[in-house]
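Residue numbers start at 1 and run along the sequence shown.
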Amino acid sequence: MNIMIYFFPILINSVLSGIFFITSYRFAAEGSSGIVVGMATAVWSVIYGLISILVGRIANSRNAPVLIELGGIVVALSAFGFIILDGLYMQFFWIALNGCGIAFYCMPFQLFMKRLEPDARTGVVRASALYTWAWSMGFTVGPFIFGLCRSRVVFTAAGLAGLLLTTGVHLIANHMKKHRTLPTVQVEAVNAGQPVESFDLAWLGWLVGGIGVLAVTMLRAMWPYRGAELKIDKSTIGMILALVNCVQGFFALALMKPKTFMFRPLPAVAAGAAALFGLGIFATGENPWLLALGAISFGIYSGYFYFCLVYYALVHPIRAGINVAVNEAVVGVTGIVGPLAGGFAAGVAGAFSPFAIAAILCTTIMLFQAFILFRLRKNTIKTGGEIEVKKGLKDGILSD
C-alpha cells in the first residue's frame with residue numbers, strides 16, 4: 001500500500017509538465033512576446049511559493065490527507081477551467097489556480113508519505129528517494145506524452161488526475177486507519193555516532209537546493225536556445241533534456257540503499273564534480289552524444305541535491321512541516337529567477353554563459369556543503385560519538 005502513493009507524483013507532475021508546455025506554446029503561437037510567454041511559468045511559481053508557505057503553517061502529518069484531497073480538487077477545477085473559459089489571457093488565472101492546488105498537494109504529500117513509513121529514520125531515506133524518483137519520472141514522460149496531444153486532451157487529463165489524486169488519497173488514508181494504527185507522532189532515531197545538529201540541516205538544504213534548482217531551471221529554459229544555436233534538431237534537444245530528469249530520478253532511487261551518505265562530505269564533493277563536468281559540457285560541447293553525457297552527469301548531481309533537499313527537511317522530528325514549506329517556496333522563487341537570470345546572461349555574454357555561471361555556482365555550493373558536513377563529522381569524532389539529545393527529541397514532543 002505504501003508504494004502505491006508514489007504513483008501520484010508521477011501522475012501529477014506528468015500532467016503539470018503538459019500544462020506548462022501547452023500554455024507557453026499557445027502564447028507563443030498567438031504571437032505573444034517572450035516576456036508574456038515566460039510570465040506563464042513565473043505566475044505559477046509565485047503563487048506556488050506563497051501558498052506553500054501558508055500551507056506550511058497549518059499542515060501536519062494528521063491533516064495532510066485532507067489538504068492533499070483539497071489540492072486535487074483545485075487542480076481539477078483549474079484544468080476544467082482551461083477548457084470552459086479558454087481565452088488566451090485567462091490562462092494566467094487558471095495556471096495561478098493550478099499553482100495553488102499543487103501547493104496544497106505537494107507539501108502535505110511529503111508529510112503523508114513520511115507518516116506511512118514504518119521506520120522513522122530509515123523510512124525518511126526511502127521516502128525521499130522514492131519521491132524524488134517519482135516526480136522526476138513525471139517530468140520525464142509528461143512532455144513526450146502530452147506534446148503529441150491536443151490542448152483539450154492535456155487539460156482533461158489534468159482534471160481527471162486531480163480527481164484521481166483526491167479519491168486515491170482518501171481511500172488510502174481510510175484503509176490505513178482501518179488496517180493499521182498510524183502513529184500520531186514519530187520519534188526519529190538518533191545514532192550514537194551522529195551529531196544532533198544533523199537533524200537541523202534544512203538550512204543547508206535550502207542553500208544547496210536553491211542554487212541547484214536555479215541551475216536546473218536555467219538548463220530547462222536555456223538549453224533549447226543553446227541547442228538551436230548549435231543547429232541540433234528539436235527532438236534531440238528534447239531527448240537530452242528528458243535524459244537529465246530520467247538520470248536524476250533513478251540516481252535518487254539508488255540512494256535509497258546507503259543510509260548515511262547524506263551526512264558525509266565526499267558524496268557532496270563528487271556531486272559538485274558531476275555538476276561541473278555536466279554543465280561544462282553544456283557550455284562548450286557541440287556533439288549530441290557528448291551533450292548526452294553531460295546530461296547524465298548533471299542528472300547525477302541534480303538527483304543528489306534534490307534528495308538532500310527533501311531528506312534534510314523531512315528528517316527533522318519537530319520542524320518537518322515548515323521545513324518542507326520553505327523547500328517549496330525556494331523551488332517557487334528559483335523557478336522565476338533561474339530563467340530570467342539565464343536569459344539575461346545569454347543576451348549579454350552568449351548562449352554558453354548561463355551554463356558556465358551555473359557550473360561555478362553549483363561547484364561552490366557543493367564544496368560548502370562538504371565543508372559543513374566535514375565539520376559536523378569532525379565534532380562527532382572529537383566527542384567520541386557521545387551526543388546530548390535535545391529535550392524535544394528525548395521526550396518525543398513533536399509539533400507536527
Side-chain angles (χ1 to χ4, degrees), residues 45 49 52 56 106-107 110 124-125 127-129 131-133 135-136 194-195 197-220 244-245 247-249 251-252 254-255 258-280 297-316 319-320 322-338 341-342 354-355 357-378:
S45 297
S52 291
C106 193
M107 182 266 163
Q110 294 174 62
V124 175
V125 176
S128 300
Y131 179 69
T132 304
W133 169 80
W135 74 257
S136 297
Q194 185 174 318
E197 289 85 358
S198 67
F199 286 100
D200 196 15
L201 286 177
W203 66 271
L204 182 60
W206 299 331
L207 290 176
V208 171
I211 296 298
V213 177
L214 189 77
V216 168
T217 54
M218 273 189 181
L219 181 69
R220 287 177 185 164
V244 173
N245 286 323
V247 172
Q248 169 185 295
F251 185 75
L255 298 179
K259 303 300 183 185
T260 60
F261 77 91
M262 69 290 291
F263 300 123
R264 297 180 180 276
L266 188 58
V269 174
L276 180 63
F277 180 73
L279 289 167
S297 183
F298 185 76
I300 290 171
Y301 158 73
S302 61
Y304 173 83
F305 87 73
Y306 272 125
F307 177 95
C308 289
L309 180 66
V310 175
Y311 180 85
Y312 289 158
L314 283 180
V315 76
H316 197 286
R319 291 178 50 83
I322 191 63
N323 286 347
V324 173
V326 176
N327 277 7
E328 303 311 318
V330 167
V331 171
V333 171
T334 51
I336 303 168
V337 175
F355 309 104
I357 293 169
I360 295 171
L361 292 174
C362 292
T363 305
T364 302
I365 197 64
M366 296 313 295
L367 290 175
F368 176 75
Q369 180 182 7
F371 171 74
I372 295 297
L373 296 177
F374 175 76
R375 288 286 301 273
L376 289 176
R377 292 184 65 81
K378 185 177 179 181

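- Contact check for Trp203 versus Ile372: side-chain heavy atoms found under the 4.5 Å cut-off.
- Contact record, Arg220 with Asn245: NH2-OD1, 3.9 Å, taken as the closest heavy-atom pair.
- Between Phe251 and Phe307 there is no side-chain heavy-atom pair separated by less than 4.5 Å.
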Discussion item. Go through it in stages, so that I can follow the logic: the residues are Gln369 and Tyr304, the test is side-chain contact (heavy atoms from CB on, under 4.5 Å), and I'd like the CA-CA distance, side-chain angles, deciding distance and then a yes or no.
Written reply: CA-CA 12 Å; Gln369 180 182 7; Tyr304 173 83; 3.4 Å; yes
Practice prompt. Starting from the C-alpha separation in whole Å, work towards a yes-or-no answer on side-chain contact (heavy atoms from CB on, under 4.5 Å) for Ile365 and Leu361.
Written response: CA-CA 6 Å; Ile365 197 64; Leu361 292 174; over 6 Å; no
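- Formation of a donor-acceptor pair under 3.5 Å by the Asn327 side chain with backbone atoms of Ala313 is not found in this model.
- Side-chain contact between Tyr312 and Val208 is absent, with no heavy-atom pair separated by less than 4.5 Å.
- The shortest non-hydrogen separation linking Gly212 to Phe305 is C-CZ, 3.2 Å.
- Residues Met366 and Val269 are not in side-chain contact: their nearest non-hydrogen atoms beyond the backbone lie 4.5 Å or more apart.
- Under the side chain to side chain donor-acceptor pair (under 3.5 Å) criterion, Ser136 pairs with Gln248, not counting sequence neighbours.
- For the residue pair Met262 and Leu373, the shortest heavy atom distance occurs at O-CD1, 3.7 Å.
- Considering every non-hydrogen atom in both Ile336 and Ser45, the closest pair reads CG1-CB, 3.5 Å.
- Between Tyr311 and Leu255, the closest side-chain pair of non-hydrogen atoms is not below 4.5 Å.
- Side-chain contact between Tyr131 and Cys106: present, with at least one pair of heavy atoms (C-beta onward) separated by less than 4.5 Å.
- For the pair Thr132 (side chain) and Ala129 (backbone), a donor-acceptor distance under 3.5 Å is absent.
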Item to complete: Determine, stepwise, if the pair Ile360 / Leu279 fulfils side-chain contact (heavy atoms from CB on, under 4.5 Å).
Response: CA-CA 9 Å; Ile360 295 171; Leu279 289 167; over 6 Å; no
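- Side-chain N or O atoms of Thr334 include one that pairs as donor or acceptor with a backbone N or O of Val331 at under 3.5 Å.
- Ring-centre distance between Trp135 and Tyr306: below the 6.0 Å cut-off.
- Considering every non-hydrogen atom in both Cys362 and Ala275, the closest pair reads CB-CB, 3.8 Å.
- Interatomic distance, Phe277 CZ to Thr363 OG1, rounded to the nearest 0.5 Å: 12.5 Å.
- Summarising the geometry of Ile300 relative to Ala274, their closest heavy-atom pair is CG2-CB, 4.4 Å, with the distance given to 0.1 Å.
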Worksheet entry | Verdict with reasoning, Phe298 to Tyr301, per ring pair (Phe, Tyr, Trp, His ring centres under 6.0 Å) | CA-CA 5 Å; Phe298 185 76; Tyr301 158 73; 5.5 Å; yes
